2 protein chains.
Amino acid sequence: MHISTKTEYAVRGLAELAMHDSKNPISIVEICAKQNLPQKYMEQLFRKLKKAGLIKSIHGAKGGYLMNQDLNTISLGDIMKAVDENLAQKYCEEDSPHREFCIGKPCGFHTLWNEIEEHLHEYFDSIKLDEILKKIIKKQYLEI
Amino acid sequence: MHISTKTEYAVRGLAELAMHDSKNPISIVEICAKQNLPQKYMEQLFRKLKKAGLIKSIHGAKGGYLMNQDLNTISLGDIMKAVDENLAQKYCEEDSPHREFCIGKPCGFHTLWNEIEEHLHEYFDSIKLDEILKKIIKKQYLEI
DNA sequence: GGGATAACATAGTAATTTAGTATGGATTGG
DNA sequence: CCAATCCATACTAAATTACTATGTTATCCC
């Protein structure tokens with residue numbers, strides 16, 4: 001039960017992207033240089049973020065990535081869902097080895113795990129990228 | 001970001017234990033039979049639960065496990081901490097490869113992840129075993 | 001006391017996931 | 001055309017997870 005590095009890297013990358021001049025694309029190479037992240041890995045993550053509609057890209061030389069949404073419409077949950085595929089878990093499903101040992105139908109454990117997941121999703125969805133940025137930038141100014 | 005099977009199994013086992021006659025110990029073998037869980041694996045988990053003080057054991061024939069606390073003092077968080085060791089994560093620590101790329105000191109990301117972890121811990125600590133039991137038993141009665 | 005039962009302890013292994021690398025193709029600016 | 005950059009997929013290495021195996025110690029009951 002922890003934040004995956006995929007999520008951590010994606011947030012770091014998006015933070016750099018968001019702090020960058022919004023008129024000009026920033027390349028993966030530049031983002032990785034600034035945050036010391038593995039380039040090819042980040043390429044994969046950023047393609048997923050694009051697929052999810054959070055960012056957009058410009059091909060070729062002088063290309064790179066740009067934000068595709070307002071920062072206050074992108075949540076940590078969106079980022080996690082985009083990069084960290086098997087986020088949702090199915091409990092007590094047909095193929096579960098404990099299916100026949102479920103207590104009640106729907107199984108009480110099933111219900112419990114689903115309620116927990118729901119809470120977690122709501123929580124992560126409530127944390128928006130603009131708040132994250134504010135937090136980071138504020139820290140930055142306070143210390144420099 | 002999901003509930004580990006360790007946690008799931010531990011909760012299932014504890015539920016059986018809690019529903020069992022509190023005067024007589026119940027063995028791992030019996031618990032595993034009721035919930036179709038791997039015995040040796042459960043032994044390990046139950047030893048951890050004992051080490052954490054949630055349950056107690058009686059050696060030898062006719063032995064087994066008993067609860068060691070009131071159900072309303074045991075939280076899902078306690079269970080997770082007991083069985084799922086590396087729950088706590090350290091971000092932006094000395095040995096992190098991104099240490100020098102942290103933004104601000106303390107790093108804004110660091111602060112963010114820690115706040116998130118804190119929220120998660122508070123949440124899991126708020127879910128008590130008695131509530132879990134009530135939920136399961138209620139379901140059971142409704143359906144039988 | 002001896003055998004059965006059950007907790008205790010640790011080592012080993014198999015499966016899965018995570019994190020990352022490698023290789024190459026497609027697109028664009030200059 | 002060529003360098004920069006995104007796109008796509010396959011592969012691999014490391015770590016974690018989920019077990020299994022083997023044996024020990026403690027207790028009950030005959």
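The analysis underlying the following values was restricted to heavy atoms, covering all of them including side chains, and did not include hydrogens, waters or symmetry mates. Being a predicted model, the structure only gives us computed values, none of them experimental.
- Under the rule for a side chain to side chain contact (heavy atoms under 4.5 Å, CB included), Ala61(A) has no partner lying at least two apart in sequence or in another chain.
- Among residue pairs with one or both ends in residues 54-71 of chain B, none qualify as salt bridge (charged side-chain N to carboxylate O under 4.0 Å, His left out); sequence neighbours excluded.
- Residues passing the side chain to side chain donor-acceptor pair (under 3.5 Å) test with Gln39(B), sequence neighbours excluded: Glu43(B).
- Qualifying side chain to side chain donor-acceptor pair (under 3.5 Å) partners for Glu115(B), counting only residues two or more places apart in sequence or in other chains: Lys135(A).
- One end of the helix from dG1(C)-dC30(D) to dG30(C)-dC1(D) points its axis 10° away from the other end's axis, with each axis taken from 5 pairs and the angle rounded to 10°.
- Listed by first and then second residue, the ring-ring contact (aromatic ring centres under 6.0 Å, His included) pairs involving residues 13-38 of chain A amount to none (not counting sequence neighbours).
- Grouping Ile, Leu, Val, Met, Phe, Trp and Tyr residues whose side-chain heavy atoms lie under 4.5 Å apart, directly or via other members, places Ile58(B) in a hydrophobic cluster with Leu66(B).
- Residues passing the side chain to side chain donor-acceptor pair (under 3.5 Å) test with Asp125(B) are Lys81(B), sequence neighbours excluded.
- Contacts of Lys48(A) classified as side chain to side chain donor-acceptor pair (under 3.5 Å), with partners at least two apart in sequence or in another chain: Glu85(A).
- Taken residue by residue, residues 52-63 of chain B places heavy atoms nearer than 4.0 Å to DNA chain C at Ser57(B), Ile58(B), His59(B), Gly60(B), Ala61(B), Gly63(B).
- Listed by first then second residue, pairs satisfying ring-ring contact (aromatic ring centres under 6.0 Å, His included) with a partner in residues 55-82 of chain A read Phe46(A)-Tyr65(A), not counting sequence neighbours.
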Dump every N/O contact between nucleotides 12-15 of chain D and the protein below 3.5 Å, one line per pair.
none

